Each structure stands twice: as structure tokens, then as C-alpha cells.
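Lettering of chains follows the sequences in order, A, B, ..., and the numbering in each one begins at 1. It should be emphasised that the depicted structure is a prediction, and the values quoted were computed from it without experimental measurement.
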2 protein chains.
Amino acid sequence: MQVPQRDAAETPIELADHRQLRADAQRNRRRILEAAEEVFGRDGISAPVDLVAERAGVGVGTLYRHFPTKEALFEAIVLDKLDDLIAAADADVEKGDATEAFFDFLLRMAEEVTLKHDLFDALAAAGIDFKSRCVDRAQYLKQSLDRLRQRAVDAGGVRDDVTMEQVMGLVMGACSFERSGVSDDVARRLVGVVCDGLRTGRSTHQSSNGA
Amino acid sequence: MQVPQRDAAETPIELADHRQLRADAQRNRRRILEAAEEVFGRDGISAPVDLVAERAGVGVGTLYRHFPTKEALFEAIVLDKLDDLIAAADADVEKGDATEAFFDFLLRMAEEVTLKHDLFDALAAAGIDFKSRCVDRAQYLKQSLDRLRQRAVDAGGVRDDVTMEQVMGLVMGACSFERSGVSDDVARRLVGVVCDGLRTGRSTHQSSNGA
DNA sequence: CACTATACGGAACGATCGTTCCGTTTGTCA
DNA sequence: TGACAAACGGAACGATCGTTCCGTATAGTG
């Protein structure tokens with residue numbers, strides 16, 4: 001499984017036929033991306049496009065000249081971040097203590113997700129149908145993370161009856177609570193609770209059920 | 001702390017001046033409530049009002065004659081259910097094993113919430129500002145639940161560094177994951193994980209942090 | 001049966017939001 | 001500097017959704 005490469009942003013933007021964007025167009029494009037980063041980071045994908053345009057000091061028309069769709073703009077903001085997460089997960093698979101590596105990563109992910117609501121929405125969309133490329137990326141991330149999980153399970157540190165998808169659900173859930181309140185390090189603690197619950201040898205609660 | 005009493009639904013509806021609603025009005029009112037129960041239960045409060053009216057075989061105008069606002073209709077559906085939960089929590093405070101009583105209740109709550117999305121939305125709204133009476137009710141529930149929690153903490157079964165609000169966040173989070181998928185007993189398992197994480201003597205993860 | 005207060009239905013309104021369209025402005029290049 | 005393609009701005013469109021309004025239907029009553 002390979003993560004498809006994306007053009008590594010920035011630097012003068014080239015058109016398909018080797019010509020460059022006009023100077024004002026390049027400047028506006030960057031402004032729009034910065035504004036989107038800020039606005040979507042704060043309010044998530046539910047923020048109105050007009051707000052991004054206003055923040056960028058640009059008309060909506062201009063925004064749509066650069067990005068064919070709100071979703072495309074959102075992706076432009078978020079795909080790189082997702083790739084970074086995937087890379088980090090893949091790197092952690094080398095780490096010593098498999099169990100703690102897994103939990104550390106969950107914690108780190110939770111922190112970024114609480115800080116940047118666009119990331120949250122991108123990962124939360126993974127469950128939904130959606131046509132976005134963010135969903136694909138979220139799937140990759142899930143697979144990378146699942147390697148961490150499996151290693152932790154093999155090492156005997158993590159229970160094996162909870163799928164990676166379910167773990168993501170728990171972590172996202174812990175973070176979604178955080179989203180509406182006066183943020184602090186609450187998310188950290190809640191994810192800590194989730195991690196403790198994922199450890200082996202603690203299931204005194206009934207785990208089987210009738211029907 | 002007392003839970004304010006609500007008129008116990010059903011039976012011929014009386015107007016303020018001791019006169020009764022017309023027969024067709026009573027029939028429609030009931031139909032609307034049934035439809036709302038079904039529609040809001042399936043899609044949560046985000047379901048359009050028109051859908052409820054259609055399901056009830058009634059015009060929107062009629063719906064609004066009976067309930068001044070969508071929110072009022074939603075409340076009419078959900079407040080009783082919330083009161084039932086509160087009563088159940090208050091009853092469980094008598095139970096023998098404080099810790100298991102607490103966890104059992106969380107599990108039961110999770111089951112109802114995954115089954116009925118209107119309940120989920122009502123409880124999820126508790127964090128938000130909102131003006132709804134559902135929020136008040138959710139607060140009552142939280143207080144009742146906190147008594148269960150405190151008892152479990154005192155009994156030494158549950159960690160004391162997580163507030164009831166945070167526990168609710170975790171449980172809601174575990175359930176919100178469930179909402180989009182092919183439902184099974186996943187919620188049960190996830191809440192089980194959360195409960196295990198809430199038990200004492202398991203925090204090998206760092207719990208303090210700088211700043 | 002006739003009469004009227006009561007209730008009904010659904011078209012229409014207003015707000016929000018994504019997206020499109022087009023008249024105007026501006027960067028670029030000869 | 002003049003001309004034109006490129007880009008801009010923002011009004012306007014269409015869809016969704018909560019809510020209102022008013023002409024019509026009907027239950028209740030004598």
C-alpha cells in the first residue's frame with residue numbers, strides 16, 4: 001500500500017502549458033489558502049465559503065476561479081496534514097515499546113485534531129460516504145495506524161477485540177466533546193482514559209452478550 | 001434538586017379555558033407526535049420538518065398550529081425520555097455495587113442513545129449554548145449521574161480525575177461513531193472500553209502535564 | 001341543514017449557503 | 001503606452017429549511 005504523492009505546494013504556480021499564473025492570481029491564491037487554513041482550522045468545514053473569501057480580501061468569484069469547489073479548497077488545506085500524520089505513523093512502527101508507541105500516536109493525533117478542526121472534520125468524514133479524497137487519505141491513515149495497533153496487540157499490551165476503526169471512533173469521540181467547550185488539556189486526559197481502556201487484562205465488564 | 005414535573009401526555013387534550021380540541025385536531029396532533037418520534041428517532045433533530053409533516057399525512061401549517069417551533073416539537077418527543085433516564089439514574093443510586101451500577105447505567109444509556117438519535121442529539125446539545133429545555137434536562141441527568149459516579153469513586157472503583165461531563169463526552173463520542181455505521185453491538189463494546197479506562201489503578205499513561 | 005369558529009393545506013417568504021455569470025479591472029508584453 | 005488575455009468582484013441563482021399567511025374545508029352546534 002502506497003500513499004500517492006502530491007505536488008509539494010508553494011513556489012511559483014505553473015499552468016499545464018508551462019505558462020505561469022499572473023502575479024495577482026498567485027498572490028490571491030496564497031491568500032485564499034492562508035485564509036482557508038485559518039477559517040477552516042477554527043470552524044471546521046462547516047464555515048461558509050464567503051467567510052474565507054472575505055478573510056482573504058477577495059471576492060467569491062476569485063475563490064472559485066482557483067478552486068472549483070468548496071470541497072477542493074478544503075482538500076488543498078488538509079491533505080498535506082493527513083499525509084504528515086500517515087508518515088508519522090509509518091515512522092513510529094520502528095519504535096521500541098509497541099504499546100506505548102501506539103498510545104503516544106493516538107495522543108498526538110488527538111492533540112492536532114482538537115487544535116485544528118479541519119483535521120477533525122477530515123477524519124470524521126471517514127465514516128460517511130462522501131466523495132472527498134480526504135476519505136481515501138483517512139483510510140490510508142487508518143491502515144498505517146492499524147499496523148501500530150497490531151504490533152501493540154502482538155506485544156500483548158492492547159486488547160484484540162477492538163478494531164482500528166473503532167479506536168478511531170473512540171478517539172474522535174473524545175475530541176468531539178472537546179470541540180464545544182473551553183479547550184484545555186481535557187482531550188489529552190480523555191484520550192488517556194480511552195488508552196487505559198484499550199490495555200489488556202482489565203475487562204472485568206461483561207464482553208459477550210445474548211442475541 | 002428536583003426534576004420539574006411535566007403533564008403526563010396522552011388522553012383528550014384540553015385547552016386553557018376548559019374546552020377541548022376538535023376531534024380532527026386531536027387526531028392530527030397524535031399523528032404528528034408519532035411521525036416525529038419515528039423521523040427524529042431515525043435521523044436526529046436534523047431531519048426536516050416537512051418530512052415529519054408528510055409522514056404524519058398533514059400539512060406543515062397544521063404541524064405549526066400544534067407546535068410553535070421545530071424545537072418545541074422535538075422537545076415534546078424527547079423530554080419524557082430524558083426524565084425516564086434521570087429517574088433510572090436516581091433509582092440506581094440505591095444499588096449494591098457502586099462501580100458496576102455506574103457502568104451499567106452508562107451502558108444502558110449508550111444503548112438507548114444509539115437506538116434513538118433524537119436522544120443522542122438532545123444529550124449532545126448539552127455542551128452547546130442552545131435555549132432548549134432539553135439542555136436543562138440534560139443537566140439534571142448529568143447531576144443524577146454524577147451521584148452514581150461519586151459513589152463509585154468513593155468505593156474506589158473509578159478514577160477521580162475525570163468529571164461527569166467528560167465521561168458523558170466519552171460515552172457520547174463512542175456512540176457518535178456508531179451512528180454512521182452498520183449498527184450492531186459495537187457501541188456496547190466501545191462503552192465497555194471507556195468503562196475499563198475509567199477504572200482505578202490502570203493509569204500507566206502519564207496523567208500530569210506542563211503549563 | 002345551515003352557520004360559524006376552528007382547523008387544515010400548502011404556497012410563499014426569508015435566511016443561509018454553495019456556485020455561476022458577466023461586466024469591469026489589471027497585469028503583461030510588444 | 002496601447003491592447004488584450006487573464007483575472008477580479010460581487011450580484012444573482014438555485015437548493016434547502018424553518019416559519020408564516022391566508023383561502024378553503026369541516027367539526028360541532030342549534
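Straight-line distance from the CZ atom of B/R27 to the P atom of C/dC8: 8 Å, rounded to whole Å. Whole-Å rounding puts the B/R29 CZ to C/dG9 C1' distance at 19 Å. A/I32 places its CD1 atom 13 Å from the P atom of D/dG10, with the value rounded to the nearest Å. If you take CD of B/E54 and P of C/dG9, they are 13 Å apart, rounded to a whole angstrom. Straight-line distance from the CZ atom of A/F67 to the P atom of D/dA7: 14 Å, rounded to whole Å. If you take CD of A/Q26 and C1' of C/dT28, they are 13 Å apart, rounded to a whole angstrom. Protein atom NE2 of A/H66 is 7 Å distant from nucleotide atom C1' of D/dA7, rounded to whole Å. Rounded to an integer number of Å, the gap from CG of B/L63 to P of C/dC8 is 10 Å.
With sequence neighbours left out, the salt bridge (Lys or Arg N to Asp or Glu O under 4.0 Å) criterion links A/R27 to no other residue. Shown here are the salt bridge (Lys or Arg N to Asp or Glu O under 4.0 Å) partners of A/R108, two or more places apart in sequence or in another chain: A/D92. B/E34 pairs by the side chain to side chain donor-acceptor pair (under 3.5 Å) definition with nothing, not counting sequence neighbours. Annotation: salt bridge (Lys or Arg N to Asp or Glu O under 4.0 Å) contacts of B/D160 (sequence neighbours excluded): none.
Contact annotation: B/N28 does not reach the phosphate of C/dA7 (side-chain N/O to OP1 or OP2, under 4.0 Å). For B/T62, a side-chain nitrogen or oxygen approaches OP1 or OP2 of C/dG9 to under 4.0 Å. Dashed line: the shortest gap from a side-chain N or O of A/T69 to OP1 or OP2 of C/dT19 is under 4.0 Å.
Note that OG1 of A/T69 is 9.5 Å distant from CG of A/L73, once rounded to the nearest 0.5 Å. Expressed to the nearest 0.5 Å, how far CG of A/L123 lies from CG of A/L85 amounts to 7.0 Å. A distance of 7.5 Å separates CG of A/L106 from CG of A/L198, quoted to the nearest 0.5 Å.
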Derivation of the salt bridge (Lys or Arg N to Asp or Glu O under 4.0 Å) call for B/R199 and B/D196:
CA-CA 5 Å; B/R199 291 177 193 277; B/D196 288 343; 3.2 Å; yes
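Contact of the A/Y64 side chain with the A/K70 side chain is registered, since non-hydrogen atoms from C-beta on lie closer than 4.5 Å.
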A correct 5'-to-3' footprint of nucleotides 20-28 of chain D, with B, S and - meaning base, sugar-phosphate only and no protein heavy atom under 4.0 Å, is B-----BSS
Quick test: give all pairs of protein nitrogen or oxygen and nucleotides 15-17 of chain C nitrogen or oxygen below 3.5 Å, distance rounded to 0.1 Å.
none

